[in-house]
Number of protein chains: 2
Amino acid sequence: MSQVAEFPSTSEADKGQPRTVKALLIIRELILEGALPPGKRISELSVAERTGISRTPIRAALQRLEEEGLVETIPSGGFAVKSFSQQDVFDAIEIRGTLEGLAARLAAERGSMARLGPLNACLQELDEVVESAIATEEGFSRYVTANARLHALIVDMAESPTLERQIERAVSLPFASPSGFVMAQALMPESHRVLFVAQDQHRCVVEAIANREGARAEAIMQEHARLAGRNLRLALHHEKALERVPGGALIRKVR
Amino acid sequence: MSQVAEFPSTSEADKGQPRTVKALLIIRELILEGALPPGKRISELSVAERTGISRTPIRAALQRLEEEGLVETIPSGGFAVKSFSQQDVFDAIEIRGTLEGLAARLAAERGSMARLGPLNACLQELDEVVESAIATEEGFSRYVTANARLHALIVDMAESPTLERQIERAVSLPFASPSGFVMAQALMPESHRVLFVAQDQHRCVVEAIANREGARAEAIMQEHARLAGRNLRLALHHEKALERVPGGALIRKVR
DNA sequence: AGTATACAGGTTGCATGCAGCAGCGACGCT
DNA sequence: AGCGTCGCTGCTGCATGCAACCTGTATACT
């Protein structure tokens, strides 16, 4: 895990990025893949050596990661990898559901119906993935992409930059993201059917938005998020599955 | 506006603070009081000169302010003061209401009833302020303090650090805070009675929490936040009142 | 006259030096 | 032997130097 010269999969399109962004991506990746264990202090110098970037941008990246919630400051100075109780994760999911619910309601109340086109297209793509290719690894991958896009489209339709920012932040805890547990589901046959339920909710929420049924859209979206909570509960009993959850290593086994 | 040697009211207890925190407080104050007009680029060097702090901590403070949402990055580099449409402000208030509503529901569902003591004490203090001293300037000030404490106690009772963080962030836009418009109300007689309504909602939400009526607590808290929206609407017609809203200078007159 | 170009000033992004502090280990004292 | 104290090492927080970049202006050319 401690290759000295090379660093994780941030290979593509790193060249033009400013150093700070590069450092942010690298450190986030290191944390999520578990290379930096929770609770451990992150030495600026060691990261600087491993990445060839000087301490200044690394420091900046760590500050941003603290805002994201992945690291925390140590009273005596510096930063440490944060860890999360299971309750924390459930709460994060509930928060996302609440905010996405608000987005869905606003989309229903004030969204421009012109946006329904892309939404429906996205729905249809998800349908195809769920119906046909869901058994394959690549199918899950496609599902994750399309699922993320659908959620983004709904948030867009709310037309509230403030809300968008807030949701972005809520989702920056990766296991709270809409796609957080999908890849884990590939390993848990008993949760395959959850995808059908999820897709049904997708259809219902879009229908509710189209009908300007704000309260309904909100309620569905909240319940939709709770599916992730159920998957988390399942994954907590599957060691292998939890490994596939981004940032799963940060979840404390004992609460 | 450009006093060279001195800076705003950050006089008390600055000595022991690290430079970064000091810079953060100073810059935030400069923005909120309107010394740095919205849209204007914040020159690191000029702030450094005005504060006597070097560029490094100033830069760090600006990054944090960007996360808070008070400044934004300029594509060509550096930071600028952000401005907000009226819709942005309403949305920010709605988001706070949603999150505080979630907090109230969680407090009702899983909060420890031992926490009701301080809550009721706080309620009583608010009662006294509202009944007697509300006509005076100092009365409003006391109201702001106690109101902030009540809101904080409710959030505490939800016992969710994640949610607490998220609410902290939502409230970092100062005009979205529970106390954002209270000081403005002092200047708007027609909104005095709003305080009675607000206090009634305080009582009701605590009662709902005590009875473990989660849905009721959530709904009341959401509606409670919308009072701030009504005050905003009033304040937008009172030039003087808007001046008393922290960060009021950042709200664009035209949407 | 209008436009394009080149130059200059200022500003950021980054690297690095330095001082101060916290943590840790070893040594001496009781 | 146990405990307290001293010294050291490594680290962070901050200051500053430097190069690249963007912007704005003035000039020259069409």
Side-chain angles (χ1 to χ4, degrees), chain A residues 2 4-5 7 10 13-28 30-31 35-68 70-82, chain B residues 2 4-5 7 10 13-28 30-31 35-68 70-82:
Chain A
S2 80
V4 179
F7 30 84
T10 33
D14 268 9
K15 213 54 200 160
Q17 294 283 20
R19 303 260 216 284
T20 298
V21 176
K22 209 166 138 188
L24 182 67
L25 295 176
I26 292 177
I27 301 175
R28 189 193 284 142
L30 285 173
I31 294 177
L36 297 173
K40 179 173 176 184
R41 175 192 213 122
I42 304 178
S43 158
E44 297 175 5
L45 200 54
S46 72
V47 179
E49 283 168 1
R50 255 196 288 198
T51 58
I53 302 175
S54 94
R55 281 179 51 220
T56 305
I58 294 209
R59 200 172 176 63
L62 286 172
Q63 280 182 241
R64 296 186 93 130
L65 284 170
E66 192 214 347
E67 298 290 332
E68 274 187 28
L70 278 183
V71 308
E72 60 190 346
T73 67
I74 302 175
S76 67
F79 301 88
V81 181
K82 216 162 160 180
Chain B
S2 79
V4 179
F7 32 86
T10 33
D14 268 7
K15 214 51 200 163
Q17 293 281 23
R19 303 260 217 275
T20 298
V21 177
K22 209 167 138 189
L24 181 67
L25 295 176
I26 292 176
I27 301 175
R28 190 193 282 142
L30 284 172
I31 294 176
L36 298 173
K40 179 173 174 182
R41 176 189 212 125
I42 304 178
S43 157
E44 296 174 5
L45 199 55
S46 73
V47 179
E49 284 169 359
R50 260 198 284 198
T51 59
I53 302 175
S54 95
R55 280 179 49 219
T56 305
I58 295 214
R59 197 171 179 62
L62 285 172
Q63 278 183 240
R64 297 187 90 132
L65 284 171
E66 193 213 348
E67 297 291 331
E68 274 188 27
L70 277 182
V71 308
E72 60 190 346
T73 66
I74 302 176
S76 66
F79 301 87
V81 181
K82 214 162 162 181

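By convention in this document, chain letters (A, B, ...) are assigned in the order of the sequence lines, proteins followed by strands, and residues within each chain are numbered from 1. Just so it is clear, the values below take in all heavy atoms, side chains as well, and ignore hydrogens, waters and symmetry mates. Note that the coordinates shown come from a computational prediction; the quantities given were computed from them, not determined experimentally.
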For [X], which residues count as a side chain to side chain contact (heavy atoms under 4.5 Å, CB included) partner, sequence neighbours excluded?
X       : answer
A:Thr20 : A:Pro57, A:Ala60
A:Ser43 : A:Leu45, A:Ser46
B:Ala80 : B:Ile74

Please give, in whole Å, the distance from [N] [atom2] to [X] [atom1]?
X       : N      : atom1 : atom2 : answer
B:Leu45 : D:dA15 : CG    : P     : 13 Å
A:Arg59 : C:dA15 : CZ    : P     : 14 Å
A:Glu44 : D:dC11 : CD    : P     : 10 Å
B:Ile42 : C:dG13 : CD1   : P     : 13 Å
A:Ile58 : C:dT16 : CD1   : C1'   : 14 Å
A:Arg19 : C:dC14 : CZ    : C1'   : 7 Å
A:Leu24 : C:dG13 : CG    : P     : 15 Å
A:Ile74 : D:dC11 : CD1   : C1'   : 11 Å

Atom pair [atom1] ([X]) and [atom2] ([Y]), whose distance is rounded to the nearest 0.5 Å:
X       : Y       : atom1 : atom2 : answer
A:Ile42 : A:Leu62 : CD1   : CG    : 5.5 Å
B:Leu65 : B:Leu70 : CG    : CG    : 6.0 Å
A:Glu44 : A:Ile53 : CD    : CD1   : 13.0 Å
B:Leu24 : B:Ile58 : CG    : CD1   : 11.0 Å
A:Ile26 : A:Ile31 : CD1   : CD1   : 12.5 Å

* Could you tell me which residues satisfy salt bridge (charged side-chain N to carboxylate O under 4.0 Å, His left out) with B:Glu66, sequence neighbours excluded, listed by chain and number? =>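 Applying salt bridge (charged side-chain N to carboxylate O under 4.0 Å, His left out) to B:Glu66 gives A:Arg64.
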
* Test salt bridge (charged side-chain N to carboxylate O under 4.0 Å, His left out) applied to A:Glu68 - qualifying residues, sequence neighbours left out ->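 Result, salt bridge (charged side-chain N to carboxylate O under 4.0 Å, His left out) vs A:Glu68: A:Arg28.
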
Could I get a table of every N or O pair under 3.5 Å where one atom is in the protein and the other is in nucleotides 17-23 of chain D?
none

* Is any side-chain N or O of B:Thr56 closer than 4.0 Å to OP1 or OP2 of D:dT16? ->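 No, no such contact exists.
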
Return the polar atom pairs (N/O with N/O) between nucleotides 5-7 of chain C and the protein under 3.5 Å, or none.
none

* State which residues pass side-chain hydrogen bond (donor to acceptor under 3.5 Å, both in side chains) with A:Arg19; sequence neighbours excluded, sorted by chain then number. =>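 Not a single residue meets the side-chain hydrogen bond (donor to acceptor under 3.5 Å, both in side chains) criterion with A:Arg19.
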
* To do: Specify the residues of residues 60-67 of chain B, ordered by number, for which at least one heavy atom lies under 4.0 angstrom from an atom of DNA chain C.
  =>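 Those residues: none at all.
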
* So which nucleotide from C:dG13, D:dC11, C:dT12 ends up closest to the side chain of A:Ser43? ->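 Among C:dG13, D:dC11, C:dT12, the one nearest the side chain of A:Ser43 is D:dC11.
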
